[in-house]
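Residues take their numbers from the sequence shown, with the count starting at 1.
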Amino acid sequence: MAFKTILVHIDNDESCKYRLDAGIRLALEFQAQLVGIYLVPGSGLTPSVAAMLPPDVVQQRFAEFGDAQYAAEDMFRKSAAAAGLASID
């Protein structure tokens, strides 16, 4: 069976590196596209909770979520490039 696309869950957890390494190995072996997906961790920052918080606190939390996402994406792209993968998304 040949795989055309390998989907890897990317996050800021320590185990992410192992998932990413496995995805890269599979993508190389099957000459497949590697796709990373980042899911925002549960924040508890629902609209009703956000409405009760000061705006600067809400903005800070959203900035933290964004920073974590960008860090995970950067790790994904750098790891894939270092492995020589040309087809990533």
| field | His9 to Cys16 - nearest heavy-atom pair and separation | value | O-SG, 4.2 Å

| task | Please assess Ile6 against Val35 for the test side-chain contact (heavy atoms from CB on, under 4.5 Å), listing each intermediate value before the final yes or no. | result | CA-CA 6 Å; Ile6 307 296; Val35 176; over 6 Å; no

| Between atom CZ of Phe76 and atom NZ of Lys17, what is the distance when rounded to the nearest 0.5 Å? | 13.0 Å

| Are there more than 12 heavy atoms of other residues, nucleotides or ligands under 6.0 Å from atom OH of Tyr70? | no

| note | Between the OG atom in Ser48 and the CG atom in Leu53, the distance rounded to the nearest 0.5 Å is 10.0 Å

| Do Leu7 and Leu39 belong together in a cluster built from hydrophobic side chains that touch within less than 4.5 Å? | yes

| said: Looking at every heavy atom in both Ile24 and Ala83, which two are closest together, and how far apart are they? | reply: CG2-CB, 3.4 Å

| query | For Glu64, does the CD atom have more than 12 heavy-atom neighbours from other residues, nucleotides or ligands under 6.0 Å away? | reply | yes

| remark: Between the CG atom in Asn12 and the OH atom in Tyr38, the distance rounded to the nearest 0.5 Å is 4.0 Å

| Salt bridge check: are Arg25 and Glu29 linked by an N-O gap of less than 4.0 Å? | no

| task | Verify the cluster assignment for Ile88 and Phe3: are they in a single hydrophobic cluster under the rule of side-chain heavy atoms below 4.5 Å apart? | result | yes

| Test item: Arg19 side-chain N/O and Ile10 main-chain N/O as donor-acceptor pair under 3.5 Å | no

| If every non-hydrogen atom of Gln33 is compared with every non-hydrogen atom of Asp89, which pair is closest and at what distance? | NE2-CB, 3.5 Å

| request: Quick one: pull up CG in Leu34 and CZ in Arg77 and give me the separation to the nearest 0.5 Å. | output: 10.5 Å

